[in-house]
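Side chains included, hydrogens not; waters and symmetry mates left out as well; all remaining heavy atoms used. First listed ligand is number 1; within each ligand, the first listed atom is number 1. Throughout, residue positions are numbered sequentially from 1 according to the sequence presented.
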Amino acid sequence: MELLYRSTRNHETAVTASQAILQGLAGDGGLFVPDQIPALDVSLEKLAGMTYQETAYEVMKLFLTDFTEEELKRCIACAYDGKFDTPQIAPLRKADEAWYLELFHGATIAFKDMALSILPYLMTTAAKKNQVKNEIVILTATSGDTGKAALAGFADVPGTRIIVFYPKNGVSPIQEKQMVTQKGTNTYVVGITGNFDDAQSGVKKIFGDETLRREMNAAGFQFSSANSINIGRLVPQIVYYVYAYAKLLAGGEIEPGEKINVTVPTGNFGNILAACYAKHMGIPIEKLICASNDNKVLVDFFRTGAYDRNRKFVLTTSPSMDILISSNLERLIYQIAGQDAKKNAALMEELSRKGRYEITPNMMAKLGDFYGNYATEQEAAEEIALVYRKAGYVLDTHTAVASRVYRKYREETGDGTKTVIASTASPYKFTRSVMDAIEPGHEDCTDFELVDRLSALSGIKVPRAIEEIRTAPVLHDTVVETEGMKDAVLSILKMNR
Ligand SMILES: *Cc1c(COP(=O)(O)O)cnc(C)c1O
């Protein structure tokens with residue numbers, strides 16, 4: 001049976017999974033959602049014996065129903081291979097009172113790799129399926145993590161090019177080095193003199209340029225997006241929650257059918273929504289614990305039912321969670337509105353007009369699966385030190401927020417349900433903040449000196465992704481004014497007259 005996708009803002013048109021992946025965002029600004037969330041058709045006991053790749057197939061085949069078995073298995077095999085530094089792909093590590101699901105063993109040592117290693121294959125397969133002849137040009141603005149993961153995913157993938165814009169003075173030294181050393185004949189990295197918002201608006205403007213779209217088409221190109229609202233990023237993220245449950249079962253840590261909690265450090269609401277989908281597919285999950293940093297717009301939402309972005313944007317040591325509009329929340333709003341696209345569209349319209357909306361008590365009553373809380377900068381740093389002292393395990397700054405929120409949840413509720421915490425980045429990606437937490441006083445050290453000190457303290461080998469950039473040559477050094485972004489694209493595609 002074919003599963004179709006519709007916009008959260010308009011029920012009229014339905015598209016196939018491959019079309020939803022190619023389009024990214026629906027034409028009306030809504031997000032694509034499946035008509036229903038399919039139930040797993042293989043037993044948990046059977047899943048317990050499966051590899052990551054086999055689990056991925058069992059989950060993804062139910063969502064991407066217009067992909068053939070051969071196509072999907074090929075995408076999975078190409079994505080989850082030696083790029084990951086462990087054959088388990090997403091290993092579980094017990095430390096202190098929880099299981100940390102390590103989602104950072106891919107090419108760029110952050111959880112974005114879990115979906116961005118497969119998205120390029122899904123997208124090129126989808127293009128073939130839909131007789132798209134154009135070369136696909138992925139255009140991305142980044143504040144650090146997404147850009148590198150997308151570059152690594154799309155590098156040398158036939159039929160695609162990727163152009164990443166980043167704020168020249170707005171990313172960490174390690175993040176910049178990771179991007180400007182990116183290999184691949186189809187990768188382009190361009191610094192801009194503006195900030196991240198300028199990069200983001202510039203990209204949106206290029207996407208919306210009708211004349212450019214026609215010229216691109218004539219030259220054999222079309223734009224697409226690797227943004228986290230693409231269903232091709234959401235579906236692969238469901239896999240590791242199914243896998244984690246199956247591995248707990250296989251290891252005798254839980255009884256068949258025993259419920260677990262899941263805690264997720266949240267920004268754009270993509271990762272935790274994937275956990276919610278895993279629950280609806282039949283994985284016994286009790287609570288979805290949504291962890292925020294000081295940008296706690298979601299905490300307030302779960303407590304009051306009012307989503308209000310009118311507040312100060314706070315820069316924290318967990319930058320990938322510094323976000324005031326959690327785009328993927330729209331998919332949950334649509335669901336609790338009883339799949340009422342009109343109702344959802346009205347709320348989203350209010351959000352863009354007033355920066356605020358409020359859900360009804362009836363909708364609020366459907367949020368019982370969720371618990372929201374946050375950790376301050378100091379609490380997150382204390383958590384890194386605490387877990388290191390108690391268990392010898394080093395958390396990154398984002399995972400520390402989740403870990404601290406889980407601690408608060410336990411203290412508040414007394415709930416002893418076994419809990420998986422999504423561990424979204426390697427501590428090596430945020431070495432300075434991590435070192436400040438466990439061994440302060442290294443202000444004079446370079447980032448790479450801190451990397452070596454962290455390795456000595458943690459006993460964990462420096463990841464390949466960091467070793468590589470230590471000595472890698474800079475391959476991208478273009479910097480343009482914000483106004484020059486379109487010209488940069490034309491020049492890269494050799495379309496400038
Ligand atoms: C992107 C990111 C997050 C937030 O994930 P969402 O899906 O946007 O909620 C958390 N931690 C890290 C390290 C990330 O890169």
Per the side chain to side chain donor-acceptor pair (under 3.5 Å) rule, what does the pair list look like for residues 268-277, sequence neighbours excluded?
S228-N268, Y240-N271, Y241-N271, N268-S327

Looking at Y371, I'd like to know if the NZ or CZ of K287 sits under 6.0 Å from its six-membered ring centre while staying within 45 degrees of the ring's axis.
no

Do N186 side-chain atoms and T160 backbone N/O form a donor-acceptor pair below 3.5 Å?
yes

Validation row, ring centre H398 to ring centre F430 under 6.0 Å
yes

If you look only at distance, which donor and acceptor atoms sit under 3.5 Å apart when one is on a side chain in residues 118-125 and the other is two or more places apart or in another chain?
from	atom 1	to	atom 2	distance (Å)
T124	OG1	P120	O	3.0
T124	OG1	Y121	O	3.3
T125	OG1	Y121	O	2.6

Sequence neighbours left out, what passes salt bridge (charged side-chain N to carboxylate O under 4.0 Å, His left out) with R6? Give chain and number order.
D35

Pick out the protein N or O atoms lying less than 3.5 Å from any N or O of ligand 1, and list each pair with its distance.
from	atom 1	to	atom 2	distance (Å)
ligand 1	7 (O)	G270	N	3.2
ligand 1	7 (O)	N271	N	2.9
ligand 1	8 (O)	N268	N	2.7
ligand 1	9 (O)	G267	N	2.8
ligand 1	9 (O)	N268	N	3.2
ligand 1	9 (O)	F269	N	3.1
ligand 1	11 (N)	T424	OG1	2.9
ligand 1	15 (O)	K112	NZ	2.6
ligand 1	15 (O)	D145	OD2	3.2
ligand 1	15 (O)	S320	OG	3.4

